[in-house]
Amino acid sequence: MRTPIIAGNWKLNNTISEAIELTQGIKRLVADTTDVEVIVAPTFTALAAVYAVIQESNICLAAQDVYWENNGAFTGEISPTMLKDVGCEYVIIGHSERRQFFAETNESVNLKTKAALTTDLKPIICVGEHLEDREAGNTEKIIEDHVSGGIKDLSAEQMLSCVIAYEPVWAIGTGKTATPKQAQEVHVYIRQLISEAYTDEIANQVRIQYGGSVKPDNAAELMSQPDVDGALVGGASLQAESFAHIVKSSIK
Ligand code: PGA
């Protein structure tokens, strides 16, 4: 039985005071919610303030990116140790916006994943095809490339600490959600890839989130799919009520 996992990816939004207010709202609304893991991923500048609000609550902290070196001459970067130090338990790696705008590759995703795991941070590895890929019948090829590239050389134990987020790029921020059937099909395929690389038992334990225009009105149907173990939520995570609604929809 996999515990559902809902993460709010706030992207480039919220000042520190806005982040605190949003976190307080979420904390209040999900205070009694059990059997689901709740994660918020603010910008780097708001991590410490958000952590102060969620300490001793049922909400975990994630960062939206990380660098793979722990220190040195890498101006502008943030290390796994720094994220751990500020209270992060998770880190989102390889989001399609980073692949698209910031030259993220499967190689950098893999380096970041390994560095995060070495520091005891749990990676949320994002994978997903563009619309042209889907239309050309290349969805599985892209997913295979992203998954195998991201998890390359991980031990079985490390694999178990990872979460995979399937985010079709055409569904992110567009209001176009994958149908529950489309999401389920790709999730099954991802589980099969993990099973081929490790074992069925490991594949059955790894949680796979869906992301891309998840909203309060479509969350329950997506989450009802047997291989959809939660959601990575962008736009709808910026309002406490809609995020809390999605959290509650994920309980199976
Ligand atoms: P969205 O973003 O929910 O706004 O589509 C999802 C994501 O990019 O993680």
Side-chain angles (χ1 to χ4, degrees), residues 4-14 18-19 22-23 26 36-44 46-47 50 59-66 88-104 109 112-113 116 122-131 133-134 139 142-143 146-147 150 162-180 182-183 186-187 190 207-223 225 228-250:
I5 179 166
I6 305 290
N9 173 12
W10 296 358
K11 307 191 180 182
L12 184 52
N13 291 292
N14 293 327
E18 288 164 347
L22 175 57
T23 311
I26 295 169
V36 45
E37 208 168 337
V38 183
I39 301 171
V40 290
T43 55
F44 288 130
L47 287 170
V50 168
I59 304 174
C60 304
L61 191 64
Q64 299 175 17
D65 188 26
V66 66
C88 289
E89 195 173 322
Y90 286 90
V91 56
I92 298 171
I93 298 178
H95 189 279
S96 65
E97 287 148 16
R98 297 220 58 89
R99 292 181 192 258
Q100 199 174 341
F101 306 128
F102 304 101
E104 192 83 78
V109 170
K112 290 177 178 190
T113 298
K122 298 174 197 156
I124 299 176
I125 304 170
C126 303
V127 304
E129 81 287 0
H130 285 263
L131 187 59
D133 304 321
R134 180 163 278 269
T139 300
I142 299 294
I143 298 299
H146 286 180
V147 171
C162 295
V163 174
I164 307 285
Y166 168 54
E167 299 207 303
V169 181
W170 48 271
I172 296 179
T174 58
K176 282 190 205 136
T177 324
T179 63
Q182 285 172 323
V186 178
H187 284 224
I190 294 171
R207 288 173 300 172
I208 307 174
Q209 298 176 304
Y210 168 78
S213 297
V214 176
K215 306 284 176 216
D217 61 357
N218 60 24
E221 209 190 344
L222 285 159
M223 303 306 147
Q225 299 301 307
V228 177
D229 306 316
L232 182 54
V233 187
S237 71
L238 295 172
Q239 297 223 312
E241 287 74 17
S242 57
F243 186 63
H245 189 292
I246 294 169
V247 166
K248 289 176 187 171
S249 311
S250 73

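Along the sequence shown, residues carry numbers from 1. In each ligand, atom 1 is the first atom listed, and ligand 1 is the first ligand listed.
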Heavy-atom contacts with [X] under 4.0 Å: which atoms of ligand 1 show up? List them by number with element.
X: His95; result: 7 (C), 8 (O), 9 (O)
X: Ser213; result: 1 (P), 3 (O), 5 (O)
X: Asn9; result: 9 (O)
X: Gly212; result: 5 (O)

Over all atoms of both residues, closest heavy-atom pair of [X] and [Y]:
X: Phe44; Y: Ala63; answer: CE2-CB, 4.0 Å
X: Ile93; Y: Pro123; answer: CD1-CB, 3.8 Å
X: Leu22; Y: Ala240; answer: CD1-N, 3.5 Å

So which protein heavy atom does [atom] come closest to, and at what separation?
atom: atom 7 (C) of ligand 1; value: Glu167 OE2, 3.1 Å
atom: atom 3 (O) of ligand 1; value: Gly234 N, 2.9 Å
atom: atom 4 (O) of ligand 1; value: Gly235 N, 2.8 Å

>> Among Asp229, Ile190, Leu232, Ile124, exactly one meets side-chain contact (heavy atoms from CB on, under 4.5 Å) together with Ile164. Which residue is that?
In response: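 With Ile164 as partner, Asp229, Ile190, Leu232, Ile124 yield a single side-chain contact (heavy atoms from CB on, under 4.5 Å), made by Ile190.
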
Fill in: Member of Val163, Val147, Val109 meeting the side-chain contact (heavy atoms from CB on, under 4.5 Å) criterion with Ile125
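In the set Val163, Val147, Val109, the residue that makes a side-chain contact (heavy atoms from CB on, under 4.5 Å) with Ile125 is Val109.
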
Backbone or side chain, does any N or O of Gly173 fall under 3.5 Å from an N or O of ligand 1?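 Yes: some nitrogen or oxygen of Gly173 is under 3.5 Å from one in ligand 1.
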
Can you see whether His95 engages Gln64 through a side-chain donor-acceptor pair at a distance of less than 3.5 angstrom?
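Short answer, no.
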
Ligand 1 contact on Ala171 by region, counting heavy-atom pairs under 4.0 Å: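 It is the backbone that gets close, since no side chain atom is under 4.0 Å.
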
Applying a strict 4.0 Å limit to heavy atoms, is [X] in contact with ligand 1?
X: Ala236; answer: no
X: Lys11; answer: yes
X: Gly211; answer: no

Hey, is CD on Glu221 packed in by over 12 heavy atoms from elsewhere, all under 6.0 Å?
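Result for CD/Glu221: open.
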
Point to revise | Atom CD of Gln182: over 12 foreign heavy atoms under 6.0 Å | key: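 Atom CD in Gln182 is packed in, count exceeds 12.
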
